[in-house]
Amino acid sequence: MFIVQGFISGLIATIIFDLFNQSLNYAYNVNKPKWFLLGRYFIGCTRGKYFRKSLEEDNEENNELIWGYGIHYLIGIIYGLFYVIFNFLFFGYPSLLAAYFFGFITVLGAWCFLMPFAYNLGFFASKSDQQFKILAQNLISHFVFGTGLFIGYYISF
């Protein structure tokens with residue numbers, strides 16, 4: 001039962017996350033996450049290329065966008081599983097507070113793994129001249145992801 005609830009929670013949260021970022025892009029021209037770079041990074045990892053100077057300058061890989069979205073949704077589902085198990089162990093019911101906690105934990109993964117390694121922006125986007133903007137957008141998006149975790153778990157509860 002946990003696996004189904006975690007799958008639903010993570011899937012719905014990731015869909016809400018993507019819809020939120022798409023709406024920001026449409027309404028305010030805010031940059032969307034570049035999932036093709038995530039795909040390019042992980043395809044390169046299968047070939048032993050873990051560190052790169054710039055993923056955007058690397059050669060384009062076959063199906064990198066599909067791989068990027070697949071990995072993005074897989075990670076969202078894994079976070080959903082952890083969220084459901086955490087709720088079961090400590091609360092016994094869907095907790096919005098726990099969802100926001102998980103939203104914060106997931107943004108740390110982005111800031112400390114994706115940005116320095118996949119996007120070459122440094123830890124906490126330290127190499128970018130728009131560091132504050134990137135961090136604020138990520139934080140808000142991941143709190144939206146946390147809300148999606150709660151909604152997904154509540155629906156499947």
Side-chain angles (χ1 to χ4, degrees), residues 1-46 55 61-121 123-125 128 130-157:
M1 190 64 175
F2 294 125
I3 293 174
V4 173
Q5 289 174 323
F7 180 87
I8 291 169
S9 178
L11 182 65
I12 288 175
T14 308
I15 290 169
I16 290 172
F17 177 90
D18 285 340
L19 290 174
F20 176 74
N21 282 307
Q22 185 66 34
S23 67
L24 285 179
N25 179 259
Y26 180 75
Y28 302 108
N29 203 26
V30 174
N31 292 336
K32 300 184 297 189
K34 298 175 181 176
W35 298 124
F36 70 94
L37 291 179
L38 182 66
R40 188 178 297 176
Y41 175 75
F42 277 98
I43 290 170
C45 285
T46 64
L55 273 173
E61 299 283 352
N62 291 332
N63 302 317
E64 64 187 16
L65 182 61
I66 294 169
W67 278 101
Y69 267 104
I71 291 165
H72 165 59
Y73 274 82
L74 178 65
I75 291 169
I77 290 167
I78 290 169
Y79 281 137
L81 289 168
F82 281 118
Y83 170 71
V84 166
I85 291 169
F86 181 82
N87 271 283
F88 176 76
L89 292 175
F90 293 102
F91 298 103
Y93 56 87
S95 167
L96 189 57
L97 180 63
Y100 288 139
F101 172 75
F102 267 78
F104 181 71
I105 295 299
T106 61
V107 81
L108 288 176
W111 290 344
C112 297
F113 180 75
L114 287 181
M115 286 190 187
F117 300 113
Y119 297 134
N120 197 30
L121 292 174
F123 288 94
F124 298 91
S128 174
Q130 297 181 338
Q131 180 183 17
F132 179 75
K133 180 181 173 185
I134 292 170
L135 295 179
Q137 180 184 349
N138 286 168
L139 188 61
I140 293 166
S141 295
H142 281 259
F143 277 115
V144 168
F145 176 77
T147 305
L149 286 174
F150 173 77
I151 292 168
Y153 185 33
Y154 189 80
I155 289 170
S156 68
F157 191 69

Does a side-chain heavy-atom distance below 4.5 Å link [X] with [Y]?
X: Y100; Y: T147; answer: yes
X: F124; Y: M115; answer: no
X: L37; Y: Y41; answer: no
X: Y73; Y: D18; answer: yes
X: F2; Y: L81; answer: no
X: Y79; Y: T14; answer: no
X: F7; Y: V4; answer: no
X: N87; Y: F157; answer: no

Does [X] [atom1] have over 12 foreign heavy atoms under 6.0 Å away?
X: W111; atom1: CH2; result: yes
X: I85; atom1: CD1; result: yes
X: Y154; atom1: OH; result: no

Could you measure the distance from the [atom1] atom of [X] to the [atom2] atom of [Y]? Nearest 0.5 Å is fine.
X: L74; Y: I71; atom1: CG; atom2: CD1; answer: 8.0 Å
X: Y26; Y: K32; atom1: OH; atom2: NZ; answer: 13.0 Å
X: E64; Y: I66; atom1: CD; atom2: CD1; answer: 10.5 Å
X: L65; Y: R40; atom1: CG; atom2: CZ; answer: 10.5 Å
X: L121; Y: F123; atom1: CG; atom2: CZ; answer: 12.0 Å
X: N21; Y: Q137; atom1: CG; atom2: CD; answer: 6.0 Å

Q: Could you tell me whether the side chain of N25 and the main chain of N31 form a donor-acceptor pair under 3.5 Å?
A: no
Q. Ignoring hydrogens and geometry, is there a side-chain-to-backbone donor-acceptor pair from S9 to Q5 under 3.5 Å?
A. no
Q: Report the C-alpha separation of L38 and Y69 in whole Å, then their side-chain angles, then the decisive distance to 0.1 Å, and conclude whether the side-chain contact (heavy atoms from CB on, under 4.5 Å) test is met.
A: CA-CA 8 Å; L38 182 66; Y69 267 104; over 6 Å; no
Q. Parallel, tilted or perpendicular: which describes the rings of W35 and H72, with under 30° parallel and over 60° perpendicular?
A. parallel
Of the non-hydrogen atoms in [X] and [Y], which two are nearest, and what is the gap between them?
X: I12; Y: G148; answer: CG2-O, 4.1 Å
X: A110; Y: P116; answer: O-CD, 4.4 Å
X: G146; Y: A99; answer: O-CB, 3.0 Å
X: C112; Y: F117; answer: O-CE1, 3.9 Å
X: F150; Y: S95; answer: CD1-C, 3.7 Å

Q: With ring-ring contact (aromatic ring centres under 6.0 Å, His included) as the test, would you mind laying out the steps for F17 and H142 before giving the verdict?
A: CA-CA 7 Å; F17 177 90; H142 281 259; 5.2 Å; yes
Q: Give me the one residue out of F90, Y83, F82 that meets ring pair (Phe, Tyr, Trp, His ring centres under 6.0 Å) with F86.
A: F90
